[in-house]
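Both counts, for ligands and for their atoms, begin at 1 and track the order of listing.
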Amino acid sequence: MADCLFCKIAAGEIPSKKLFEDECLLAFYDIDPQAPVHFLVIPKRHIDSAAALKETDAELVGHIYTVIADLCRQLGVADSGYRVVTNVGEDGGQSVGHLHFHVLAGRSLAWPPG
Ligand code: 5GP
Ligand code: ZN
């Protein structure tokens, strides 16, 4: 999608600190980390948010969670734990309109979120 920041990152038009990439998704570090480990996982195909997911995206979402679990094991935070968050819309705190999953780890995270 034109003028979408994360479509441009997925296409390599804007640089990012990549962790993992395959044909359908990209994992890269957040530019403004909120925890010692903070990366984002995005589908390469533009999807507005989790609210726009369809039944036919079930395999993609399952794959995203599997990759997150693998990366957390590789980063050594699987045992200590981590949080996966996807913000939706204004009240949800979504600032980039391309589906992304935050993965936060490396410190004890407060609950409930602010
Ligand atoms: P949201 O607020 O939509 O849930 O999350 C968007 C996230 O994208 C924020 O945590 C923000 O720091 C991150 N972000 C915004 N612009 C960039 C960028 O150009 N590169 C990277 N790596 N992260 C970005
Ligand atoms: Zn996009």
Side-chain angles (χ1 to χ4, degrees):
M1 179 183 260
D3 285 335
C4 170
L5 174 64
F6 285 177
C7 279
K8 288 180 180 166
I9 286 179
E13 292 165 18
I14 291 176
S16 65
K17 200 174 160 196
K18 288 181 196 174
L19 260 167
F20 177 79
E21 179 173 20
D22 65 17
E23 65 284 346
C24 62
L25 64 76
L26 175 68
F28 59 101
Y29 285 103
D30 197 292
I31 203 167
D32 181 22
Q34 301 300 312
V37 173
H38 184 181
F39 63 90
L40 303 172
V41 182
I42 63 170
K44 288 188 171 175
R45 173 168 59 89
H46 183 90
I47 299 172
D48 286 345
S49 76
L53 286 165
K54 300 184 167 49
E55 281 291 341
T56 49
D57 297 318
E59 194 176 332
L60 170 68
V61 175
H63 180 54
I64 286 172
Y65 272 88
T66 305
V67 167
I68 287 171
D70 285 344
L71 290 174
C72 286
R73 273 189 288 273
Q74 286 170 31
L75 292 168
V77 296
D79 290 343
S80 49
Y82 55 93
R83 184 172 295 166
V84 184
V85 179
T86 186
N87 298 325
V88 178
E90 195 177 337
D91 279 359
Q94 184 179 6
S95 62
V96 178
H98 179 129
L99 176 64
H100 51 284
F101 295 83
H102 295 260
V103 182
L104 300 132
R107 67 172 171 85
S108 183
L109 298 161
W111 190 264

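- Within the model, atoms CZ of Phe6 and CD1 of Ile14 stand 9.5 Å from one another, a figure rounded to the nearest 0.5 Å.
- Rounded to the nearest 10 degrees, the angle SG (Cys4) to the Zn ion (ligand 2) to SG (Cys7) equals 120°.
- Distance from atom 11 (C) of ligand 1 to its nearest protein heavy atom, with residue and atom name: Asp30 OD1, 3.4 Å.
- Protein heavy atom closest to atom 2 (O) of ligand 1, with residue, atom name and distance, is Ser95 OG, 2.7 Å.
- Between the Thr86 side chain and the His100 main chain, a donor and an acceptor come within less than 3.5 Å of each other.
- Looking only at its N/O/S atoms, His46 has ND1 as the one nearest to the Zn ion (ligand 2).
- With Lys44 contributing its side chain and Asp22 its backbone, the two residues share a donor-acceptor pair below 3.5 Å.
- Between Tyr65 and Val41, every side-chain heavy-atom pair lies at or beyond the 4.5 Å cut-off.
- In terms of protein heavy-atom proximity, atom 6 (C) of ligand 1 is closest to His100 NE2, 3.4 Å.
- Considering backbone and side-chain N/O of Ile31, one or more are found under 3.5 Å from N/O of ligand 1.
- Side-chain contact between Phe28 and Pro15: absent, with no pair of heavy atoms (C-beta onward) separated by less than 4.5 Å.
- Phe6 CZ, 3.5 Å is the protein heavy atom nearest to atom 8 (O) of ligand 1.
- Sparse packing is recorded around CD of Glu90, with 12 or fewer heavy atoms of other residues, nucleotides or ligands lying under 6.0 Å away.
- At a threshold of 4.5 Å between non-hydrogen side-chain atoms, the residues Leu71 and Val103 do not count as touching.
- Atom numbering of ligand 1 starts at 1 in the shown order; those under 4.0 Å from a heavy atom of Gln94 are 3 (O).
- Residue contact annotation: Lys17 has no non-hydrogen atom under 4.0 Å from ligand 1.
- For Ile9, the closest heavy-atom approach to ligand 1 falls below 4.0 Å.
- Counting the atoms of ligand 1 from 1 in the order shown, those under 4.0 Å from a heavy atom of Asp32 are 12 (O).
- Note: His38 and His102 have tilted aromatic rings, judged against thresholds of 30 and 60 degrees for the angle between ring planes.
- Remark: minimum distance from atom 16 (N) of ligand 1 to any protein heavy atom is reached at Leu5 CD2, 3.3 Å.
- Near Leu40, the atoms of ligand 1 lying under 4.0 angstrom from a non-hydrogen atom of the residue are 8 (O).
- The minimum distance between the Zn ion (ligand 2) and any N, O or S atom of His98 involves atom ND1.
- Taking every heavy atom of Gly93 and a limit of under 4.0 angstrom, the matching atoms of ligand 1 come to 1 (P), 2 (O), 4 (O).
- Asp70 has a carboxylate O that lies under 4.0 Å from a charged side-chain N of Arg73, or vice versa, which qualifies the two as a salt bridge.
- Panel note: side chain His98, backbone Pro43; a donor-acceptor pair is recorded below 3.5 Å.
- The shortest N/O to N/O separation between Tyr29 and ligand 1 falls below 3.5 Å.
- In this structure the side chain of Tyr82 never reaches within 4.5 angstrom of the side chain of Val37, judged on heavy atoms.
- Near His102, meaning under 4.0 Å from any of its heavy atoms, are these atoms of ligand 1: 1 (P), 4 (O), 5 (O), 7 (C), 10 (O).
- Heavy atoms of Gln34 stay at 4.0 angstrom or farther from ligand 1.
- Using a 4.0 Å cut-off between heavy atoms, Asn87 contacts ligand 1 through its side chain alone, with no backbone atom that close.
- Side-chain contact between Lys54 and Asp57: present, with at least one pair of heavy atoms (C-beta onward) separated by less than 4.5 Å.
- Contacts between Phe39 and ligand 1, counted as non-hydrogen atom pairs separated by less than 4.0 Å, are absent for every part of the residue.
- Of all atoms in ligand 1, listed by their number and element, those nearer than 4.0 Å to a heavy atom of Phe28 are 21 (C), 22 (N).
- Across all their heavy atoms, Ile47 and Leu53 have their closest contact at CD1-CD2, 4.1 Å.
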